[in-house]
Visitor: 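My questions will all concern the structure given below.
Nothing fancy with the numbering, it's 1 onward along the sequence. Since we're looking at a predicted model, the values are computed, not measured. Note that ligands are numbered from 1 as they come in the structure, with each ligand's atoms numbered from 1 the same way.
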Amino acid sequence: MIKLFFLGTSSGKTSIKRNHTSIYFQFDNTNLLVDCGDGISKSILQNNIPFNSIKNIFISHLHADHFTGIASLITQMKLENRSDELNIYVYKSFVDNIKFLLGSTYMFEEIIGFKINYFPLEFENEVFVGKDFSFITKKNSHIKKKNELINYSNSFFNSSSILLKTNSKNIFYTSDIASTEDLFLFKEDKIDIIISEITHITIDDIYEALKLYVPEKIYLVHYDDNIENNITNWISSQRLNDKIVLAKDGMLIYY
Ligand SMILES: [Zn+2]
Ligand SMILES: [Zn+2]
């Protein structure tokens, strides 16, 4: 059984009523926390997930609403006397950024009391976090344009979308993207569930994804407070309530 837990659904804009987007997946006896933005420790507490039960963390890119909460999360694990190893999966050139952030908050491995295993990711390689639980990342164009403005290493502007695979369902999570094309990154795959952001693309793009993938369900996340009503109204007006769901913080789904 897959447990799909929406810990936060807000966009990069901090919201009083919702946390930044983060999703917790549990399958068999393992789990994967996808993205660790600002405030993640509070989101985890609000949803009654013990900090030290988290086994694997994936970070899609380095915007603050997806990444910077890792320092406070590791701090909470230390304060709860964690002893189990923790696995962190991130695009290969971002490993040093994470180590630097943790070091900048004194969360050195010699201090925290548990081992962190870093798994430097290559795009399009399948990575197993459990016997029947794996994922594949692909590069999307979310922060590609920044590369034209700033003279910096190309790979620093990489951002990942992720396909989670179990022996029962394939779940495509866009994370932050920038175009309709990014929605179709996994068009060769059978997709059962889509979790898509809805800040950098339009609801019409989502409709195209619905037609192409024909998934069981599309969950929308990463939205501003001021577009919440528009999205809800659009879904109703198109009579797509059974197909497209505007996810809410704390929403828990089992498959
Ligand atoms: Zn974001
Ligand atoms: Zn972003």
Visitor: State the OH-CH2 distance between Y207 and W234, to the nearest 0.5 angstrom.
Guide: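 Interatomic distance, Y207 OH to W234 CH2, rounded to 0.5 Å: 7.0 Å.
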Visitor: Below 6.0 angstrom between ring centroids: does that apply to F119 and Y89?
Guide: yes
Visitor: Please state whether the rings of Y213 and F184 are parallel, tilted or perpendicular, taking 30° and 60° as the class boundaries.
Guide: tilted
Visitor: Considering the Zn ion (ligand 2), could you give the total of protein N/O/S atoms lying closer than 2.8 Å?
Guide: 4
Visitor: Not counting sequence neighbours, which residues clear side chain to side chain contact (heavy atoms under 4.5 Å, CB included) with A64? List them please.
Guide: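 Only T68 meet the side chain to side chain contact (heavy atoms under 4.5 Å, CB included) criterion with A64.
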Visitor: Is there a path of hydrophobic side-chain contacts, each under 4.5 Å between heavy atoms of I/L/V/M/F/W/Y residues, joining I191 to I198?
Guide: yes
Visitor: In H222, what N, O or S atom is nearest to the Zn ion (ligand 1), if we give its atom name?
Guide: NE2
Visitor: Is it the case that R18 places NZ or CZ above or below the six-membered ring of F6, under 6.0 angstrom from the centre and within 45 degrees of the axis?
Guide: no
